[in-house]
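Here the structure is a predicted model, which is why all the values come from computation and not from measurement. All ligand and atom numbering here is 1-based and tracks the order in the structure.
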Amino acid sequence: MSASPSRSDELPDDLEDAILRLKRERGAILLAHYYQESEIQDLADVVGDSLQLARAAQQADCEVIAFCGVHFMAETAKILNPGRTVVVPDLDAGCSLADGCPADLFEKFVAEHPGAKVVTYINTTAAVKAMSDLVCTSSNAVKMVRHFDGQPVIFAPDRHLARWVAKEADRPDLIVWQGICVVHEQFSAKRLAELRVQHPDAEVLAHPECDDAVLGQADYIGSTSGIIDRAVKSPAKTLIIATEDGVFHQIARRVPEKTLLQAPGPDESCACNRCPFMRLNTLEKLYLALRDLTPEVTVPEDIRVRALRPIEKMLSLSA
Ligand code: 13P
Ligand code: SF4
């Protein structure tokens, strides 16, 4: 359900101005993830990681939320704001983790482990969240798993994040759904090692969705906001970054003197640092979403009510 060419025939010359005008007219707040293109980040009221955006959505006091990110993020905003209109630039902006954990199969997986607490990464559908005891993001996953110390825990759907959390929380017994992120999965440990030889003073910052061989070379592991903060505070002048390169924009704004290198993919031709879902959102589609208040994100009320509990619990435990 992307914007049709006929709708985009009517675009104004100055899209940024038109978006800001529409935002005021609609009484809208614009939330954007760090993986959005720079022009979208610059227009947003809040730019953040998944947790920061969920918090911003929880505190929203407006008629419309325009969410520039992927579907599960906008869906979380809708779960927290049933009475507000939540629109996205492109309804097809999904996520390989959410898509790889369908609710019917996950229900069977949970049933195979009776008594286990269910902690799901926020990168899941509302229907999967509705089966969860607690939701987590990359910035609080270790803390959320520790909340269930002494009890069996299912962790889904990212297997790399799960391995890292299991180590950090000393929970080798985590019951793990074997999903992956198609972006972070691509980084090559071998080529990263070669790049580190060329830049021996560089610090390596990685997202926990990367595989173990990449994380094993990282000086810092954290969420997108954690990576940005570390890049700013680090004494290193050169940083090798293993996550989507949307984060470069905020780092370059705050420490323009630093050299930022992308962690390499398997070969030169791989555009691994770009999330194909996040990058479906464009200024043009954002303009049309605000103009027409479509595509709108909706969640069936019975699922919304059940999904709200583990999200609110996470937000209160992370306050
Ligand atoms: P963050 O919560 O760290 O921003 O991660 C979101 C995401 O989708 C990572 O790929
Ligand atoms: Fe999903 Fe990976 Fe894209 Fe993040 S980078 S939204 S986990 S596909």
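Put simply, part of H184 is less than 4.0 Å from ligand 1, judged by heavy atoms. Distances from ligand 2 to the non-hydrogen atoms of E209 include at least one value under 4.0 Å. In this structure, H33 has a heavy atom closer than 4.0 Å to ligand 1.
Counting heavy atoms closer than 4.0 Å to ligand 1, residue Y35 contributes side-chain atoms (C-beta onward) but none from N, CA, C or O. By the criterion of a heavy-atom distance under 4.0 Å, neither the backbone nor the side chain of L97 is placed next to ligand 1. If you look at N123 next to ligand 2, the close heavy atoms, those under 4.0 Å, all belong to the side chain. At a heavy-atom cutoff of 4.0 Å, ligand 1 is contacted by the side chain of H207 but not by its backbone.
Contact annotation: the side chain of L30 approaches that of L286 to within less than 4.5 Å [non-hydrogen atoms, C-beta and beyond].
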V183 and H207: CA distance, side-chain angles, deciding distance, side-chain contact (heavy atoms from CB on, under 4.5 Å) verdict: CA-CA 11 Å; V183 179; H207 197 279; over 6 Å; no
Begin with the C-alpha distance, continue with both residues' side-chain angles, and end with the deciding distance and a verdict on salt bridge (Lys or Arg N to Asp or Glu O under 4.0 Å) for K78 and E75. CA-CA 5 Å; K78 182 65 184 180; E75 205 174 44; over 6 Å; no
Would D212 and K167 count as a salt bridge (Lys or Arg N to Asp or Glu O under 4.0 Å) if you check the C-alpha gap in whole Å, the side-chain angles of each, and the deciding distance to 0.1 Å? CA-CA 11 Å; D212 212 27; K167 217 181 285 171; 3.4 Å; yes
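Nearest protein heavy-atom neighbour of atom 10 (O) of ligand 1: E209 OE1, 2.9 Å. Closest protein heavy atom to atom 1 (Fe) of ligand 2: C95 SG, 2.4 Å. For atom 2 (Fe) of ligand 2, the closest heavy atom belonging to the protein is C181 SG, 2.3 Å. Summary of contacts: the protein heavy atom closest to atom 6 (C) of ligand 1 is S50 OG, 3.4 Å.
Near D49, meaning under 4.0 Å from one of its heavy atoms, ligand 1 places the atoms 1 (P), 2 (O), 4 (O). Every atom of ligand 1 is numbered from 1 in the order shown, and the set under 4.0 Å from a heavy atom of S138 is 1 (P), 2 (O), 3 (O). Interface of S96 with ligand 2, defined as ligand atoms under 4.0 Å from a residue heavy atom, comprises 8 (S). For ligand 1, the atoms closer than 4.0 angstrom to any heavy atom of N123 are 7 (C), 8 (O). Ligand-side atoms of ligand 1 in range of S223: 3 (O), range being under 4.0 angstrom from any heavy atom. Within the listing of ligand 2, atoms 5 (S) sit less than 4.0 angstrom from a heavy atom of V183. The ligand atoms of ligand 2 that sit less than 4.0 angstrom from a heavy atom of L97 are 7 (S).
Clustering ILVMFWY residues whenever any of their side-chain heavy atoms sit less than 4.5 angstrom apart, transitively, puts M131 in a cluster other than the one holding Y121.
Contact annotation: C275 places an N, O or S atom under 2.8 Å from atom 3 (Fe) of ligand 2.
Around CG of D61, the count of heavy atoms belonging to other residues, nucleotides or ligands within 6.0 Å does not exceed 12. Shown here is Q151, whose CD atom has more than 12 heavy atoms of other residues, nucleotides or ligands within 6.0 Å.
Among all heavy-atom pairs drawn from I65 and A60, the shortest one is CD1-CB, 4.0 Å.
A donor and an acceptor atom, one from each side chain of S132 and T120, are located under 3.5 Å apart. A donor-acceptor pair shorter than 3.5 Å can be found between the side chains of E185 and H160.
The aromatic rings of F109 and W177 sit perpendicular to each other, their planes meeting at more than 60°, with 30° as the lower class boundary.
Screening T282, N281, D42 for a side chain to side chain donor-acceptor pair (under 3.5 Å) involving Q36 leaves a single residue, N281.
Considering each of Y121, Y35, F277, the one bringing a non-hydrogen atom nearest atom 5 (S) of ligand 2 is Y35.
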